[in-house]
Amino acid sequence: MTEPGKLRDLKMGYFGAASSYGGDGESKPQLHQCVIELNGCADSLHDGGPAGISQHANSNYSLSAAEMESLAALCETFLPSVAATDGSASEFFETSASAAGTSERVGGMIKERVRHPKKWLMRMSLWMLSTWYGTYILCGNGSLSNHFPYFQRFSKVSQKKREQVVVSWSLSYFLLLRMFFRTIKILSHLAFFTQVDEEMNNISWKAIDYPGSDPQFKAKARQSEEWNLKEKVRSREIEEEEEELYGPLFKGIVNLEHQVVAVGALRKFGFPVTLLSPSTKSPSPSMIIKCDAVVVGSGSGGGVVGGVLASAGYKVVVLEKGSYCARTNLSLLEGPAMEEMYLSSGLVATDNMNVLILAGSTVGGGSTVNWSASIQTPSHVTREWSDEYELELFRSNLYKEALEVVCKRMGVQSEIDNEGFNNAILRKGCEELGCKAINIPRNSASDHYCGWCCLGCKNGRKKGTAETWLVDLVRSGNGAILPGCEAIRITQEKDGRERNRAKGVAFEFECGSEAKQMCLVESKVTIVACGALCTPPLLKRSGLRNPNIGKNLHLHPVAMAWGYFPAETDESWPEKDKKSYEGGIMTAMCNIGSSPDQEPGYGGAVIQTPALHPGLFSILMPWVSGTNIKQRMCKFSRTAHVFALARDKGSGTVESSSSLSYIMDDGDEKNLQKGLEKALKILGAAGAEEIGTHHNKGRSINVKKVSYREYERFVKEESSRPLKDLLTPICSAHQMGSCRMGIGAKDSVVNQRGETWEVEGLFVADSSVFPTALGVNPMVTVQAIAYCTAQSVLETLKRKRN
């Protein structure tokens with residue numbers, strides 16, 4: 001990798017790095033452990049508990065000694081020291097959560113990161129388990145001792161009994177106990193399997209046959225250390241090498257932490273900047289930036305709009321809450337990457353913990369960490385949106401043009417040179433069942449064989465907005481990207497018209513060790529593209545009152561099945577050297593229906609494969625005992641996952657960034673059950689030795705040792721289990737519809753131009769404007785709608801200029 005002291009410089013960008021040049025080059029990189037924040041963002045700093053709750057449940061305090069005692073016992077229960085059956089895995093099996101310091105890490109997560117509205121209940125439960133009476137209430141007779149005084153707190157209960165209690169919670173009739181089980185399981189497993197030591201290794205990785213970071217990336221990083229810019233004469237060749245090293249956005253990134261340098265950079269780009277003297281009034285802006293357009297968010301929506309406007313000659317400021325991770329600054333380690341590049345450090349959850357949600361939060365947004373799938377809007381969806389929702393945009397020539405333009409800009413193609421483990425299994429299983437698996441169009445080359453793209457693209461060959469549209473913005477000389485800047489509200493003015501007019505954005509940013517500072521961007525138009533989870537809270541904070549804001553949230557719920565394909569067999573397929581975490585993440589898919597001519601998503605659900613590195617793998621796999629989970633993890637590298645994704649009719653509500661509700665429709669549940677049945681059969685037909693789902697009971701079956709009738713009965717039973725009862729983890733990587741487009745303010749938030757009904761000059765350009773769920777991966781559709789919205793913004797700017 002680059003020299004440790006230069007890691008921070010690569011994040012700052014060209015102008016941020018200049019001010020820190022010559023700093024402490026011997027300092028070590030701070031690659032933090034993965035931390036998660038369940039369903040929370042910066043605008044919500046409360047627990048959601050009732051007023052007057054006691055101090056031990058207050059999020060402003062560290063966990064008490066009593067809570068930590070219970071947490072340590074729980075982590076030890078989930079991940080104990082057990083006898084190893086394999087000498088090569090002995091260190092992993094014998095290392096417990098307490099030996100790894102897992103409870104201390106989880107305690108830090110709970111204090112600093114967790115913003116879930118039910119957090120106070122989790123802390124109350126931890127406190128109760130530190131008392132004998134609370135332990136008896138939560139654990140029942142299983143917590144009793146054979147000796148006087150019989151009652152005991154949780155930490156004093158034997159490991160065997162604690163495991164029995166935890167299993168009973170996972171299957172409990174009481175929802176809150178199932179929520180408590182899931183929360184502690186997620187926190188403890190994610191911390192244990194993603195934490196790294198000084199050498200960037202984890203105690204489990206050797207045993208589970210996982211290298212940590214991409215081995216090819218490690219080799220390239222070592223070579224880059226030998227590249228010394230100071231010893232070379234600056235030339236075009238050197239600039240190309242610099243771009244290869246730092247990424248194509250490096251010269252357009254402006255880090256406001258170094259304000260003097262940032263002001264100079266912005267003025268160099270042609271932005272008028274005014275520095276304001278400190279004021280005792282709070283909050284007061286420290287700086288005002290003027291531009292033609294400000295875009296909040298740099299993902300598939302914001303990146304496209306920013307690139308189009310800047311290329312047309314307008315001055316554009318892009319605000320991004322996340323950080324900029326240059327190619328050589330990537331760790332490709334699951335924990336640090338999730339903390340750096342995902343909303344809430346990797347996981348958001350619905351209020352009842354039923355749906356676990358992934359959303360990108362970095363320069364490039366979800367397009368930087370997604371799985372490359374680049375599927376055009378299915379024709380049955382565009383017909384529905386244009387006919388049933390009367391949105392003429394989706395049958396217009398402009399929309400057809402937009403689809404072609406964005407796919408061309410991303411280099412979308414469908415060829416595959418070498419298929420990875422999971423997708424090869426999906427394709428083989430479909431062939432054996434007589435159904436058709438189709439190639440997934442992707443924004444990467446046919447030879448792009450990388451399973452780490454969910455943690456950032458090591459060489460820029462995956463063409464997200466940070467490698468395409470934002471590059472257009474930077475190279476135009478008309479745009480600047482400001483990472484680490486969180487929009488607080490949209491500023492507005494009244495000019496005698498019926499509607500207010502947007503005049504810019506107030507945002508906050510970190511300024512070293514000092515308190516956050518606030519700045520203003522004054523603009524002619526404002527485009528919000530924060531994503532379906534963060535756009536509604538921003539609009540609400542800005543005073544918009546449209547009742548549809550935050551409603552109609554769709555999540556594309558996902559349920560998964562797994563199959564184990566041991567390498568130590570006489571079978572020549574799948575190849576012994578192939579691993580579950582390698583290869584293109586998504587290259588093959590099929591529908592749940594049997595017709596080979598149906599387009600993707602038709603029929604209610606699609607079958608695809610995920611990217612699961614050890615942390616996410618561990619939180620999804622069923623937990624039935626401490627020994628069993630370690631045995632399951634040792635099969636990690638040869639365990640394939642196949643999932644069903646539903647085009648959901650059910651919907652939810654984004655109340656705030658820390659409160660997200662969702663109700664799954666009965667029809668969606670049936671589609672997922674059909675999908676699970678097909679996924680299990682695909683895995684079995686492909687030659688899996690063992691198959692199962694993520695249901696808390698943890699049932700599996702050895703396909704090679706049972707009769708066909710037993711196999712069919714198992715598939716039917718496991719796929720027909722209810723999915724709304726918190727017994728099977730449901731996941732989501734696509735969020736949409738929470739500020740939907742429509743023909744009137746009564747049932748929508750924006751019109752067909754992407755402009756809000758309430759505020760003139762305020763546009764929304766992200767997945768929140770979808771009228772319904774899409775049914776397939778949404779990146780191309782988001783970019784196409786954003787491209788159309790950008791044309792509307794250009795018309796508005798031209799009118800203002802004239």
Side-chain angles (χ1 to χ4, degrees), residues 11-16 41 246-256 266 269 289 291 293-311 314-327 329-330 340-343 359-370 406 409-410 443 456-457 460 462-476 478-487 505 507-509 521 523 525-535 538 735 763-768 778-779 782-783 785-787 789-790 793:
K11 288 185 188 178
M12 292 176 182
Y14 187 76
F15 293 99
C41 292
Y246 301 144
L249 300 183
F250 188 62
K251 292 187 177 181
I253 298 291
V254 179
N255 193 298
L256 294 185
L266 290 167
F269 286 132
I289 307 167
C291 63
V294 58
V295 182
V296 185
S298 62
S300 289
V304 171
V305 174
V308 170
L309 299 185
S311 297
Y314 293 96
K315 293 296 182 182
V316 182
V317 170
V318 177
L319 302 176
E320 171 55 53
K321 181 171 69 172
S323 60
Y324 172 56
C325 296
R327 293 171 188 167
N329 194 44
L330 295 171
E340 287 282 342
M341 306 178 80
Y342 283 82
L343 181 64
S361 183
T362 185
V363 172
S367 72
T368 298
V369 294
N370 70 12
V406 300
R409 186 67 187 89
M410 289 191 289
N443 62 340
C457 189
K462 183 180 76 173
K463 300 301 181 183
T465 59
E467 301 287 342
T468 52
W469 299 98
L470 291 175
V471 176
D472 297 343
L473 176 140
V474 171
R475 290 179 177 170
S476 73
N478 294 316
I481 304 165
L482 279 57
C485 296
E486 182 168 8
V505 176
F507 66 92
E508 285 183 341
F509 66 95
V521 179
S523 62
V525 292
T526 301
I527 301 94
V528 176
C530 309
L533 300 184
C534 294
T535 288
L538 175 58
Q735 305 85 44
F763 296 80
V764 178
D766 56 32
S767 61
S768 69
M779 178 169 61
V782 175
Q783 292 200 13
I785 294 176
Y787 180 86
T789 299
V793 176

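Checked by atom type and distance alone, the side chain of T465 pairs as donor or acceptor with a backbone atom of S298 at under 3.5 Å. A donor-acceptor pair under 3.5 Å is formed between the side chain of K463 and the backbone N or O of G460. Judged by distance alone, the side chain of K315 and the main-chain N or O of F269 form a donor-acceptor pair under 3.5 Å. No donor-acceptor pair under 3.5 Å is formed between the side chain of R409 and the backbone N or O of W469. At least one donor-acceptor pair under 3.5 Å links the side chain of S767 to the backbone N or O of Q735. Proximity of a side-chain donor or acceptor of T368 to a complementary backbone N or O of V363 within less than 3.5 Å is detected. Side chain of K462 to main chain of N370: a donor-acceptor pair is present (N/O by atom type, distance under 3.5 Å, no hydrogens or angles). Of the possible polar contacts, none joining the S361 side chain to the M341 backbone as a donor-acceptor pair under 3.5 Å is found. Within the 3.5 Å criterion, the main-chain N or O of V294 finds no donor-acceptor partner in the side chain of T526.
For S768, the side-chain hydrogen bond (donor to acceptor under 3.5 Å, both in side chains) criterion is met by D766, not counting sequence neighbours. Residues that satisfy the side-chain contact (heavy atoms from CB on, under 4.5 Å) test with A310, not counting sequence neighbours, are V316, L473, S476, N478.
Note that the CZ atom of R475 and the NZ atom of K251 stand 10.5 Å from one another [nearest 0.5 Å]. A distance of 13.0 Å separates CG of L538 from CZ of F507, quoted to the nearest 0.5 Å. Here the OH-CG distance, from Y324 to L470, works out to 10.0 Å after rounding to the nearest 0.5 Å. Rounding to the nearest 0.5 Å gives a distance of 8.5 Å between CG of L319 and CG of L256. Taking OG of S367 as the reference point, atom CD of Q783 lies at 6.5 Å (rounded to 0.5 Å). Atom OG1 of T789 sits about 9.5 Å away from atom CD1 of I527, to the nearest 0.5 Å.
Across every non-hydrogen atom of S300 and V304, the tightest pair is O-CG2, 3.2 Å. A487 and V505 get closest at one heavy-atom pair: CB-CG1, 3.8 Å. Contact record, V305 with A786: CG2-O, 3.6 Å, taken as the closest heavy-atom pair. Heavy atoms only, all atoms of each residue included: A529 and T535 are closest at C-OG1, 4.2 Å. Taking every heavy atom of both residues into account, T362 and S323 meet most closely at OG1-O, 2.7 Å. Closest heavy-atom contact between L330 and C457: CD1-O, 3.4 Å.
For the pair T468 and N443, the minimum side-chain heavy-atom distance is 4.5 Å or more. E486 has its side chain out of reach of C530: every pair of non-hydrogen atoms, C-beta onward, lies at least 4.5 Å apart. Taking 4.5 Å as the limit, every side-chain heavy atom of V317 sits out of range of all side-chain heavy atoms of S523. Residues V474 and P248 have side chains not in contact (no heavy-atom distance under 4.5 Å, counting atoms from C-beta outward).
With respect to C291, the side-chain contact (heavy atoms from CB on, under 4.5 Å) criterion is satisfied by exactly one of V521, L309, V525: V521.
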